[in-house]
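As structure tokens, the structure follows; a few thoughts come after it.
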4 protein chains.
Amino acid sequence: MDGDNNPQIGGIAADALKQTIDRIERLEEEKKALAADIKDVYSQAKSQGFDTKIIRKIVSLRKIEASEREEAEQLLELYMAAIGMA
Amino acid sequence: MDGDNNPQIGGIAADALKQTIDRIERLEEEKKALAADIKDVYSQAKSQGFDTKIIRKIVSLRKIEASEREEAEQLLELYMAAIGMA
Amino acid sequence: MDGDNNPQIGGIAADALKQTIDRIERLEEEKKALAADIKDVYSQAKSQGFDTKIIRKIVSLRKIEASEREEAEQLLELYMAAIGMA
Amino acid sequence: MDGDNNPQIGGIAADALKQTIDRIERLEEEKKALAADIKDVYSQAKSQGFDTKIIRKIVSLRKIEASEREEAEQLLELYMAAIGMA
DNA sequence: GATGCGCTTTAAATGC
DNA sequence: GCATTTAAAGCGCATC
């Protein structure tokens, strides 16, 4: 190694790589924490006497409804574009 | 190996394994063929002047609608079961 | 709209479009059914005591070998063609 | 139904259920946003000339190492407790 | 209370 | 490069 602090090691921008990995790991930590939170909410619901299976079903149904709305909008946009109105 | 045709090799039912793999490979062949057929239909549609992007969108939208119907039915069944009417 | 049964609606051949979508959906149904069949075969294998992870590995290995064979054959054909023997 | 605002509908605490579903959906939204952020980071890394496949490998390796460290620490705690030093 | 099993979610691979 | 498709992982549930 020479004495400078050139971040290029083996042709790779080491510092930039390190920062990238750090950001990913931080974001994944947060994501993991949210997953744990969701799990907690289900646990609490269960201890309140709710049937988590039903709750999961409701959530998934509403998710489908949301994506259908989204798809429909995108389809409309496609049509508009197709007939030159976009 | 001894002279008999004992299918047990190394504790594994060799013949049964072979048949299982054969069945899987045959089914995957058929699946692959269908994928090719679908691709053909899109190609033909395109050569008829259709915008395949729109067609794909329509198909996916209809798929979502179908799964929503299905989810809704399953949710209903869950409710019925929950209130002892299933 | 006028009273005839002209399939052109908004510049789109509505009937042809409908048929195309129907064909795609039918083919995708069949494809989905085959995927379910494959899943069943794996389930049965598991209940026979096989390790499905290993079976999946075998299947994928054989797939690679098959494509290698195919490549080799195509290469051979190329050679044959190149020397005027195809 | 009577005129009061009893949240019990069909034996289900409707308000509590609604709040539960809201919380889950909000948390899943945030989770989805984080997933998108992570995807962005990978995209940026790629446009900086990094091989995302390698980055993914590094991240997953570090994840394993981290869990190994954690395991080791828990093991140590167990030992400490076992000898009355916890 | 532990184990196994299916399912949902997530990561990787492939093809367009 | 993106989107689809497929393999793998994690989780919750049921059973013993």
Side-chain angles (χ1 to χ4, degrees), chain A residues 24 27-28 31-32 34-47 50-61 63-64 67 71 74, chain B residues 24-25 27-28 31-32 34-36 38-43 45-46 52-53 55-57 59-60 63-64 67 70-71 74 78 81, chain C residues 24 27-28 31-32 34-36 38-40 42-61 63-64 66-67, chain D residues 24 27-28 31-32 34-64 67:
Chain A
I24 291 168
L27 291 169
E28 290 198 344
K31 189 152 151 274
K32 196 175 162 188
L34 281 172
D37 289 347
I38 292 170
K39 206 177 145 191
D40 282 351
V41 176
Y42 276 110
S43 295
Q44 290 167 23
K46 180 172 223 168
S47 68
F50 289 119
D51 182 338
T52 57
K53 203 168 169 182
I54 289 180
I55 295 181
R56 284 179 194 279
K57 212 63 180 176
I58 293 172
V59 169
S60 97
L61 182 55
K63 214 179 286 179
I64 289 174
S67 73
E71 287 278 308
Q74 289 174 5
Chain B
I24 291 168
E25 290 184 340
L27 291 168
E28 290 198 343
K31 189 152 151 276
K32 196 176 162 188
L34 281 172
I38 292 170
K39 206 177 144 192
D40 281 351
V41 176
Y42 276 111
S43 294
K46 179 171 224 167
T52 57
K53 203 168 171 183
I55 295 180
R56 282 179 195 280
K57 214 59 179 177
V59 169
S60 99
K63 214 179 287 179
I64 289 174
S67 72
E70 204 176 318
E71 287 277 308
Q74 290 174 5
L78 271 179
Chain C
I24 291 168
L27 291 169
E28 290 197 345
K31 189 152 152 276
K32 196 176 162 187
L34 281 173
I38 292 171
K39 204 178 152 193
D40 281 351
Y42 276 111
S43 293
Q44 290 168 21
K46 176 172 232 169
S47 67
Q48 286 169 22
F50 290 119
D51 181 337
T52 58
K53 201 171 173 181
I54 291 177
I55 294 182
R56 283 180 194 279
K57 205 67 191 173
I58 293 172
V59 169
S60 96
L61 279 177
K63 216 180 285 181
I64 290 173
S67 73
Chain D
I24 291 167
L27 291 169
E28 291 198 343
K31 190 153 150 275
K32 196 176 161 187
L34 281 173
D37 289 348
I38 292 170
K39 205 177 149 193
D40 281 352
V41 176
Y42 276 110
S43 295
Q44 291 168 21
K46 176 171 235 169
S47 67
Q48 286 168 23
F50 290 119
D51 182 338
T52 58
K53 200 170 172 182
I54 291 177
I55 294 182
R56 283 180 194 279
K57 206 64 189 173
I58 293 171
V59 170
S60 98
L61 280 177
R62 283 167 58 93
K63 216 178 283 179
I64 290 172
S67 73

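Every chain is numbered from 1, with letters handed out A, B, ... down the list of sequences. Only a predicted model underlies this, so the values are computations on that prediction, with no experimental measurement involved.
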- Task: Rounded off to whole Å, could you give me the OH-to-C1' distance for the C:Tyr42 and F:dT6 pair?
- Result: 11 Å

- Message: Between P on E:dT8 and CD1 on A:Ile64, what's the gap in Å once rounded to a whole number?
- Response: 11 Å

- Item | Whole-Å gap separating P (E:dC7) and CD (B:Glu70) | 13 Å

- Item | Nearest-Å distance for atom pair NZ/C1', residues C:Lys39 and F:dT5 | 15 Å

- Task: Could you state the atom-to-atom distance from NZ of C:Lys63 to P of E:dT14 in whole Å?
- Result: 10 Å

- Query: Between E:dT10, E:dC5, F:dT5, which one does the side chain of C:Lys31 approach most closely?
  - Reply: F:dT5

- Note on the structure: When B:Arg56 and C:Arg56 are each assigned the nearest nucleotide of DNA chain F, the 5'-most assignment goes to B:Arg56

- Item | Whole angstrom value for the distance that separates P of E:dC7 from CD of B:Glu71 | 14 Å

- Mind checking the OG-CD1 spacing from A:Ser60 to A:Ile64? Nearest 0.5 Å is all I need. 5.0 Å

- Message: With nearest nucleotide decided by heavy atoms, which residue, C:Ser43 or A:Glu28, maps closer to the 5′ end of DNA chain E?
- Response: C:Ser43

- Query: If you look at every strand shown and take non-hydrogen atoms under 4.0 Å, does B:Lys53 touch a base, only sugar-phosphate, or nothing?
  - Reply: nothing

- Message: Let me confirm one number: the CD1-CG distance from A:Ile58 to A:Asp51, rounded to the nearest 0.5 Å.
- Response: 9.5 Å

- Quick one: C:Lys57 NZ to E:dA13 C1', roughly how many Å, whole number? 12 Å

- So how far is it from C:Lys63 NZ to B:Ile24 CD1, rounded to the nearest 0.5 Å? 10.0 Å

- Item | Between F:dT6 (C1') and B:Glu25 (CD): distance, integer Å | 16 Å

- Message: Nearest 0.5 angstrom please: C:Arg56 CZ to C:Ile38 CD1, how far?
- Response: 9.0 Å

